[in-house]
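Basis for what follows: all heavy atoms, side chains included, without hydrogens, waters or symmetry-related copies.
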Amino acid sequence: MARAKVFVVTYSTYNHVNTLAESIVKGLEKAGNVDVERYQFPETLSDEILAKLHAAPKPDFPVITPEKLAEADGFLFGFPTRYGNAPAQVKAFLDSTGGLWSKGALHGKAAGIFFSTASQHGGQEATAFTFLPNFVHHGVIYVPLGYRSNHLFDNTEVVGGSPWGAGTVAGPDGSRQPLQKELEIAEIQGEDFANVVAKLAA
């Protein structure tokens, strides 16, 4: 029987989310029971605007389409927060999935989220919470991280992530890179998610 297929789909302006995604993929592959594919959300900003934002170059991953997303058994979405919500690029993609919704094409699939914020209190949990209606309306099964990592109990320093999913804190100027603890949390999320998807697809 074919193995379950998991897509890791990201939007990342300054590569913090893409760095987390590398550990997510590492965890998925470590589980050894799913096939993993990497994608990115379509960009909605012009090259001129991205240059003014000093955005990082786009990674060499294919751009996800609604039709392609339907091929996955599960997917993990990674993106930075925008005032406690998903960025416009991710919202625009979800707005384009009406055809999938009308056919129930995503119903019963598994999904999770990981994210980046500028500050410790920048809305990591709020971002996941406000994103849930997208999954609910598609009948997608949300798979949270829970307290699977002891790093989530660490109060000795600022550590991104929560029971909702892995995360990092980029800092107000984007100079802070993901900590090793945050990368380990992301790896655990990937491995756990793979195990859940494999069970659902069995």
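Ion pairing between a basic and an acidic side chain is recognised when a charged N comes within 4.0 Å of a carboxylate O; K5 and D35 show no such pairing. One finds no salt bridge joining E184 and K181 here, because no Lys/Arg side-chain nitrogen approaches an Asp/Glu carboxylate oxygen to under 4.0 Å. Note on R148 versus E191: no salt bridge recorded, every NZ/NE/NH1/NH2 to OD/OE distance being 4.0 Å or above.
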T168 and L179: CA distance, side-chain angles, deciding distance, side chain to side chain contact (heavy atoms under 4.5 Å, CB included) verdict: CA-CA 8 Å; T168 189; L179 299 176; over 6 Å; no
Y11 vs E43, side chain to side chain contact (heavy atoms under 4.5 Å, CB included): CA-CA, chis, key distance, verdict: CA-CA 8 Å; Y11 179 77; E43 182 59 81; 2.9 Å; yes
K52/E48 under salt bridge (charged side-chain N to carboxylate O under 4.0 Å, His left out): CA gap, chis, key distance, verdict: CA-CA 6 Å; K52 290 180 178 179; E48 180 183 4; 3.7 Å; yes
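Shown here for T117 and S119, the closest heavy-atom pair between the two residues is OG1-O, 2.9 Å. The minimum heavy-atom distance linking L106 with A70 is given by the pair CD2-CA, 4.0 Å. The minimum heavy-atom distance between F115 and L20, with the atom names listed, is O-CD1, 3.5 Å. Listed here is the closest heavy atom pair of T81 and G84: OG1-N, 3.1 Å. Across all non-hydrogen atoms, the minimal contact from F193 to A111 is CE1-C, 3.5 Å. Across every non-hydrogen atom of T10 and A21, the tightest pair is CG2-CB, 3.8 Å.
Among V159, L145, I188, the one residue that satisfies the side-chain contact (heavy atoms from CB on, under 4.5 Å) test with L152 is L145.
When the side-chain contact (heavy atoms from CB on, under 4.5 Å) test is applied to Y142, the partners found at least two apart in sequence or on another chain are I113, A128, L132, F135, P144, W164.
The shortest distance between side-chain heavy atoms of Q40 and P59 falls below 4.5 Å.
Heavy atoms from other residues, nucleotides or ligands lying under 6.0 Å from NZ of K30 number 12 at most.
A side chain to side chain donor-acceptor pair (under 3.5 Å) check over residues 95-112, counting only residues at least two apart or in different chains, returns the pairs T97-H138.
Using cut-offs of 30° and 60° for the angle between ring planes, the F131 and F77 rings count as perpendicular.
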